[in-house]
Amino acid sequence: MATVILVRHGRTTANATGLLAGRADGVSLDQIGREQAALMADRLAAVPLVGVVSSPLERCRQTTQFILDRQAGAPYAPIDMDLTECDYGLWQGRTLTDLASEDLWPAVQSQPSAVVFPGGESMAAMQARSVAAIRRHDAAFEAEHGPGAVWAAVSHGDIIKAILADALGMHLDLFQRINVGPASVSIVRYGPSRPSVYATNTDSGDLSWLSNGIQSGDAPVGGGAGQTAP
């Protein structure tokens, strides 16, 4: 299969104030978030992307534009509602400090598979739709561009954590063990027998080794020699 680079949007005004923005309108990158997105896009400039699929929310579209502006070509850049933020329902717009006193908070931390946000979405449904979207786009990019294709998906923290948990074979109840920072890069390749996770939550480092894609094959016993730059 192809290789997907999972990108979280840069820091927002809501992130900076501890607000759960959810799907609210008008939440944009702050100055630090724009700087983070620019640095991340500079890293990705070494990788010819065949596509950049984005959540429809403004903060992701802004982050996507940084990536597109630094690509030598013109990657396909659709919007996908299935990569949008979790519907936090009545929790949206409240501070994390306030939400930590809710009876549901401990379940969000330790048993998210059982959580349904009041007036919103279940975390299990969030994972199901986002994983299905990633796998659908991945298969389409491989069919059009071949198994060496590399593409990016720009989304949100909980969405990317849920996708990584699936790729790692982890139960959703363990996904809070994964950290995904603003403008971070994680890398997954959906091979013929299982996904392989090549990176999680990185905010620095050379990515030029991805420019020729990742070759399929069995996992090397002992860890192998690693990737080399072109």
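What you see below is based on every heavy atom in this structure, not just the backbone, and it leaves out hydrogens, waters and symmetry mates.
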Side chain of [X], backbone of [Y]: donor and acceptor closer than 3.5 Å?
X	Y	answer
H171	D173	yes
S186	N201	yes
D166	V131	no
Q71	V47	yes
S184	V180	no
S208	A46	no

Set of residues satisfying side chain to side chain donor-acceptor pair (under 3.5 Å) with respect to Q109, sequence neighbours excluded:
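For Q109 there are no side chain to side chain donor-acceptor pair (under 3.5 Å) partners, ignoring immediate neighbours.
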
If I compare all heavy atoms of [X] with all of [Y], which pair ends up nearest, and what's the gap?
X	Y	result
Q62	L29	OE1-N, 2.9 Å
E58	S28	OE2-CB, 3.5 Å
S55	I79	O-CD1, 4.0 Å
A37	A183	N-CB, 4.1 Å
L99	W105	O-CE3, 3.5 Å
A124	S113	CB-O, 4.1 Å

Would you kindly confirm whether [X] and [Y] end up in one hydrophobic cluster when ILVMFWY residues are joined by side chain heavy atoms under 4.5 Å apart?
X	Y	value
I32	V27	no
F141	I163	yes
V197	I178	yes
L39	L49	no
M126	M170	yes

Using a strict cut-off of less than 4.0 Å between a Lys/Arg side-chain nitrogen and an Asp/Glu carboxylate oxygen, indicate whether D30 and R11 qualify as a salt bridge.
yes

Closer than 4.0 angstrom, basic N to acidic O: yes or no for D80 and R136?
yes

Side chains of [X] and [Y]: does their closest heavy-atom pair fall under 4.5 Å?
X	Y	result
V154	Q65	no
R34	F66	yes
S130	T84	no
H9	L57	no
P48	S211	yes
V150	I214	no
P75	V50	no
D87	R23	yes

So with a 6.0 Å cut-off around OH of Y76, is the heavy-atom count from everything else above 12?
no

More than 12 heavy atoms of other groups within 6.0 Å of D69 CG:
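Yes, because the 6.0 Å sphere around CG of D69 holds more than 12 heavy atoms from other groups.
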
List the steps and the verdict of side chain to side chain contact (heavy atoms under 4.5 Å, CB included) for R8 and T63.
CA-CA 8 Å; R8 185 184 169 194; T63 302; over 6 Å; no

Are N15 and T12 close enough, and set up right, to give a side chain to side chain donor-acceptor pair (under 3.5 Å), and what steps lead you there?
CA-CA 5 Å; N15 296 145; T12 68; 3.1 Å; yes

Check step by step if side chain to side chain contact (heavy atoms under 4.5 Å, CB included) holds for W151 and V53.
CA-CA 8 Å; W151 63 285; V53 185; 3.8 Å; yes

Stepwise side chain to side chain contact (heavy atoms under 4.5 Å, CB included) check, Q92 with L20
CA-CA 6 Å; Q92 179 174 299; L20 184 63; 5.7 Å; no

Step by step, would you call T3 with L210 a side chain to side chain contact (heavy atoms under 4.5 Å, CB included)?
CA-CA 9 Å; T3 300; L210 276 170; 4.1 Å; yes

So how far is it from [X] [atom1] to [Y] [atom2], rounded to the nearest 0.5 Å?
X	Y	atom1	atom2	result
L164	N179	CG	CG	11.0 Å
H156	L6	NE2	CG	13.0 Å
R70	M40	CZ	CE	8.5 Å
I134	D82	CD1	CG	10.0 Å
L172	K161	CG	NZ	10.0 Å
I67	I5	CD1	CD1	8.0 Å

Evaluate the criterion salt bridge (charged side-chain N to carboxylate O under 4.0 Å, His left out) for residue pair R59 and E85; output intermediate values, then yes/no.
CA-CA 11 Å; R59 54 197 184 270; E85 180 64 284; 3.7 Å; yes

Going by the angle between their ring planes, with limits at 30° and 60°, are F117 and W91 parallel, tilted or perpendicular?
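Taking W91 first and then F117, their aromatic rings stand perpendicular (interplane angle over 60°).
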
Show, in sequence, the C-alpha distance, side-chain angles and deciding distance for T202 and R43, and conclude whether the side chain to side chain donor-acceptor pair (under 3.5 Å) test is met.
CA-CA 11 Å; T202 69; R43 295 178 69 203; 3.2 Å; yes

